[in-house]
Structure formats: structure tokens, C-alpha cells
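Reviewing the structure listed below.
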Number of protein chains: 2
Amino acid sequence: MANIHDIARLSGFSVATVSRVINDRPYVSPEAKAAVMKVVRQLDYVPNAMARDLSAGHTMTIGVVTPMRDHPYFTSLTNSITRAAFARGYRVMLLPSQYDQAIEADYLEQLRMKAYDALIFTSHALPLTDILPYAKTGQVVVCHDPGHVAVNAAFTDRGETYVEGCQWLKAHHAKKIGMFLPRTAKLSATSQAMLGAFQQVFGEALPEALQVLDVMNNEDGYQAAQQLAKQHVDGIFTNGDDIAAGAVQYYREQHLALPLMVGQENQLSSQLLNMPTIDHHFRVVGELALRLAVGELSGQHQVASTFISRA
Amino acid sequence: MANIHDIARLSGFSVATVSRVINDRPYVSPEAKAAVMKVVRQLDYVPNAMARDLSAGHTMTIGVVTPMRDHPYFTSLTNSITRAAFARGYRVMLLPSQYDQAIEADYLEQLRMKAYDALIFTSHALPLTDILPYAKTGQVVVCHDPGHVAVNAAFTDRGETYVEGCQWLKAHHAKKIGMFLPRTAKLSATSQAMLGAFQQVFGEALPEALQVLDVMNNEDGYQAAQQLAKQHVDGIFTNGDDIAAGAVQYYREQHLALPLMVGQENQLSSQLLNMPTIDHHFRVVGELALRLAVGELSGQHQVASTFISRA
DNA sequence: TTGTAGGCGTTATCAG
DNA sequence: CTGATAACGCCTACAA
């Protein structure tokens, strides 16, 4: 592999001049430029990206930490982040975490090692207090409401639409309601917000027996429906359209009357099932997150989600 | 930011010794190790990833070129590639291309610049002959049948199941069949294979009027159904379950009799619609592609797809 | 306009 | 066991 010194030697100019030519900088004579370019073409030379990064002191890479790969929430968020990143000349590194604190800590360490210019957590298991120290060095962005913790954040305001979802169930006369939740309520801000909305609308807390935890995908939805069907619920607030679809499948297979259902994510399946859902506008959140990551923005930015009524 | 020289100076040892300590290599006295570690902790030192990469001569990064972000084919392929990559200590860079030849060429150039150790094309618009020259330097992997072109490849053998799909339509007495195809037949191997299967089963080529091109997502499916409904088809071989779902929606809205339909990708929607589909086993393909990228494997590897009959 | 020399931060060789 | 010193390949004051 030819390097800049080879080009310098063969063209009869110095590395400084060669560098100027390949970076299209001023103060180069036409002759020098021609001579250098000729050798560049002959040797099929291209500058080495790693050396450039080291010299420049940045990677132009944004790490995106994602707990799971097959969940639509993360797919749409990553997609919008990627789009925004490329529009600004940044690249995106995919960082799967499976909600493993050790892995997340590892990524944070890599940020310190300058493996990335910034890190976006689409979600995280690590307490915010563990993340905070890293926010000083590189840029760290989280995609949920960090409360009063001073970390850059872009997130949807879910509270409002969760209330609307509960109201919809109430208005359609659901008497016994169950909820599909991601992970336990203590760990997940989503769960907390959903349970809070229930309390607000129905004036009482949702009994634990009617909360199904750790529901993350379509298959989980099928299993979760099994649990709730035993208790004869007539309404389910789910945490995803595709997840709700899994539940529908269970009810259909058992030839049971379908409970009223509310989805989330505004996916294709809620359209097919004619089910109300919530659009969290992750495209917008993703772009905001990236702008925070590259320093175009700072602080905390929230996007209002939209309840889509359907029945 | 502290660097290895700072540690050397403050600990009273040389950079060589410091390097040995932080990399946990032999031939270091306990005293030296203790002294170095103490300073490392004091200064909160971590080695710089870029400098390491430059020194080592590799990035431990695999670029994954993906034409579109919201298509399940690419999502599942990227996911399995990522999983396999991390299992081997590699990272994954997401490279969107929108089937733009200039962008694809750009990524190939970046490969030359050693921005990635290898490049996986989940699909590409660039002719294979343009890609071939780069396959010499870094590792290039394509995810479709490269025919007789000598490039590393992992792909599904679709021919067989496309024939099965056509036979299914025939067995269920579809008389007038339409097809949803991605891009034009000349450009897309998928289209060619689907049309070939039709010819094989029905003994004649599918009239162009019954081919709807450039159908890539759910909305496209809705539009495409509009076109085919005018011609009163009673069977549609689609190129995706979610895409087929878009078509179903159109037929339902118009209160038209639903044609027989075959999907692809084995997504949730085909389950919900009780529609036969084809599983291309992209998880397997993704892992093979990555193993090719990191040099564990070489050559061309094909995976048989599976027809899932449902009605 | 051009070139020299030093810096970016590590790793590796090889003599001590 | 330890340490100078030379890579890795590029950029950029500063000097000429």
C-alpha cells in the first residue's frame, strides 16, 4: 500500500505539498499539483482513514446503543438517526446491548477511548447516574425523559397519549383492563407512565395480576394474552401494535371474544386490525438525538406523541 | 487527555513498560505494574482507540451497505450480521445507499481507505464488475447469487420456492396471475427468478401488463393492487408479506373479492392474513456473510429458502 | 509556493 | 525485566 511518503518521493515534492494537493488546499502551483496527481493515479493512492482520524482527533462516528434489534421502536429510531447522521457527514455504529449493564458500561468506556465522537442511548439499563460522568467528556444523548438529571436528551412525551388511550378504553366500556408492559415498572419509564395514566383515568392503581411484564415482541404478546384471557379482561392496553397482534392471534385461535385493544408505534398491524394506536414520532426524536450528539443542539427536547383513534 | 507518555513520565517507567501493563503482557515486574496502575487510576487514563487502530492496521469494523432502511429483508439481514459480528469482536457500521451507484462507489473507496475491514452489500445497484476490483484489497461480500463472478457471497436459493409459490397458485386454481416485483427485471435478480418460476410452472411468460414494478413497501402494495384489480387478477405473487398486506387493504376497502396471494419474508402480516409465504432464512445468510467478511469462510454459500403453505 | 520537523497515541523490535 | 527508538500514515506550524 502506497502512502503519502511514496507519493512525495516519486513526485519529487514533499509530503506537505502532497497533503495540500490531496486535500485540495490553496498555495500549490499547477505544476506541483499535476506532478503529484500523476503519481497518485499511477499508484492508485488513497489516504488512510485511520491516520486521518488520529491526526484530526475525531472519528466522525456516532455510536447508537440499542437493547434489541427486532423491535420497531428501535428500528425506526436508528433509521432516523442514521439518515440525519449521513446528512451531516457522520457515520453510525450499531451497538447492541440487550439491556446488559456491563455491555453498556463497555460502550461508555469506548466513548472515552474515542472510538466514537458521541453515544446515543435509544434506551438503557444503566442508571442515569452511572452515565452522567461520561457526558462530560464526549457527548452522550439519551432518548427518554431524564427528569431533572442534566443530560442531553430527545424523547417523546408519552403521558398525554397514554391517558388518551385509557380514556378510549373507558369510553368504549371496558370494565376489566389488562396491560402489556416492557420490563418491570421500576426499571422502565414506559411502564411507569402507562400505569400512571391508568391511575389517573380510572382513579385506582391497576392490580398487579393484570400487569404482564417483559412483553417485548409478537410471541410475548401471544403468551401474555393467555395470562390475561384467564382473568377475562375485556380491554388490553398493549405496548406495541405487533405485540397486540400476537394477542389477537391467541384470542382467535381459542375462539374467544376479542377484548378492546390499544396498540403503540402506529405499525402496519394496527391498521390491519383496525386498532387505535399511538404514534411516538420517532423519526423526529431520532433527528433531534443526532443533532444533540453532534453538538448542533443541547439540552432536553421533547416531542408530543399522537393518539390515533380507530374504532 | 492523558496519554501513554504522561503515564510513563509520572510513573517513572518507559512507554514500553506502560504499554505492557495496560495490555496485560508478560515480562513486567510487580513493582512496575503497581506503579503504572496507580498513575493510570489517578489520571483516569484509557488508551486511545484511533491510535491503536492505526498501529494495528485494522479497524475491527465491518461496513454493511443497505439500500433502504424500512424493508424487513434488510432489517433481518443487518440484525443477524450485527449479532455475528459482535460475537467475534467486530463492530458494524450502517451504510445506507438508496441504490445510488455514486454512494455505493463511495463506500467502496472508503474500504480502500481502510475505514472498514470489510464491506457487506446486502444489495447493490452497482454492476458486479465495478465491485470486483475492490474485492482484491479488502474483503467484499455480496448477499445475492453472483453467478459465475468470483466474489464472496452468501445468499438464498430462491428459485425452488418461487416455483413452489407458483404451483400453489396453480393448485388453488388461480387463472389470471399478477406479480409485485422490486425494480425492473433487468436490474433485479429477485424479479428475474420470480418471472422465471412463473414461466416454468405455467409454460408461458407473465405478460408485462401483469407485472407491477418497483413495489417495495406496504404503500406500494396498496397502489399496485389498484393496478392489478383493474385487470381482474385472481392471484398475486407478491414480494413481501407486508407489501401483500397493503394490497389486501385495498381490496377490502373496495369490497372486492380477495385474490389468492403469496407473500415473502415470513412476517407477522402473513400469519395474520393466513397467507402462504416464503422464509428466506436471512438470519443464516447474515451470519454466513459476516464469516465471509472476516475471512472465516470464502467462496459462495447458498441457503435454501422454505415455502410455508397456509391455505 | 515549498519543505522540514514535530505531533497525533500506540505498539513492536531489539539491544541492554 | 526494561527502555530507546522506529514504525503506523497523516496533518500543519513555522521557516525559508
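Convention: sequence-line order gives letters A, B, ...; per-chain numbering from 1. What you are looking at is a predicted structure, and each value in this text was computed from that prediction instead of being measured.
- The aromatic rings of B/Phe282 and B/His280 sit tilted relative to each other, their planes meeting at an angle between 30° and 60°.
- DNA chain C lies under 4.0 Å from at least one heavy atom of each of the following residues of residues 24-42 of chain B: B/Arg25.
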Practice task
Take B/Met50 and A/Thr59 through the test side-chain contact (heavy atoms from CB on, under 4.5 Å) and record every step on the way to the result.
Solution key: CA-CA 8 Å; B/Met50 289 183 282; A/Thr59 59; 3.6 Å; yes
Polar-atom pairs under 3.5 Å, protein N or O versus N or O of nucleotides 8-10 of chain C: list them with distances, or write none.
{"residue": "C/dT10", "atom": "OP1", "partner": "B/Tyr45", "partner atom": "OH", "Å": "2.6"}
{"residue": "C/dT10", "atom": "OP1", "partner": "B/Asn48", "partner atom": "N", "Å": "2.8"}
{"residue": "C/dT10", "atom": "OP2", "partner": "B/Ile4", "partner atom": "N", "Å": "2.6"}
{"residue": "C/dT10", "atom": "OP2", "partner": "B/Tyr45", "partner atom": "OH", "Å": "3.3"}
{"residue": "C/dT10", "atom": "O5'", "partner": "B/Tyr45", "partner atom": "OH", "Å": "3.4"}
{"residue": "C/dT10", "atom": "O2", "partner": "B/Ser55", "partner atom": "OG", "Å": "3.2"}

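- Inspection of the A/Tyr73 and A/Glu265 side chains reveals no N or O donor paired with an N or O acceptor under 3.5 Å.
- With hydrogens and angles ignored, the 3.5 Å screen pairs no side-chain donor or acceptor of B/Thr17 with any backbone N or O of B/Phe13.
- Annotation: side chain of B/Gln110 is in contact with side chain of A/Arg91 (closest heavy-atom distance under 4.5 Å).
- To the nearest angstrom, C1' of C/dG7 lies 14 Å from CG of B/Asp6.
- For C/dT2, neither phosphate oxygen OP1 nor OP2 lies less than 4.0 angstrom from any side-chain nitrogen or oxygen of A/Ser14.
- Inter-residue side-chain proximity for A/Thr61 and A/Tyr90 is flagged as unmet; no heavy-atom pair is nearer than 4.5 Å.
- Among A/Thr82, A/Leu119, A/Ile120, the one residue that satisfies the side-chain contact (heavy atoms from CB on, under 4.5 Å) test with A/Ile62 is A/Ile120.
- Counting all heavy atoms, side chain and backbone alike, B/Ala8 lies closest to B/Ser14 at CB-C, 3.7 Å.
- In this structure, a donor-acceptor pair under 3.5 Å is present between the side chains of B/Asn23 and B/Arg52.
- In the 5' to 3' direction, nucleotides of DNA chain D lying under 4.0 Å from heavy atoms of chain A begin and end at D/dG9 to D/dT12.
- The only member of B/Gln139, B/Glu109, B/Arg112 that meets side chain to side chain donor-acceptor pair (under 3.5 Å) when paired with B/Tyr134 is B/Glu109.
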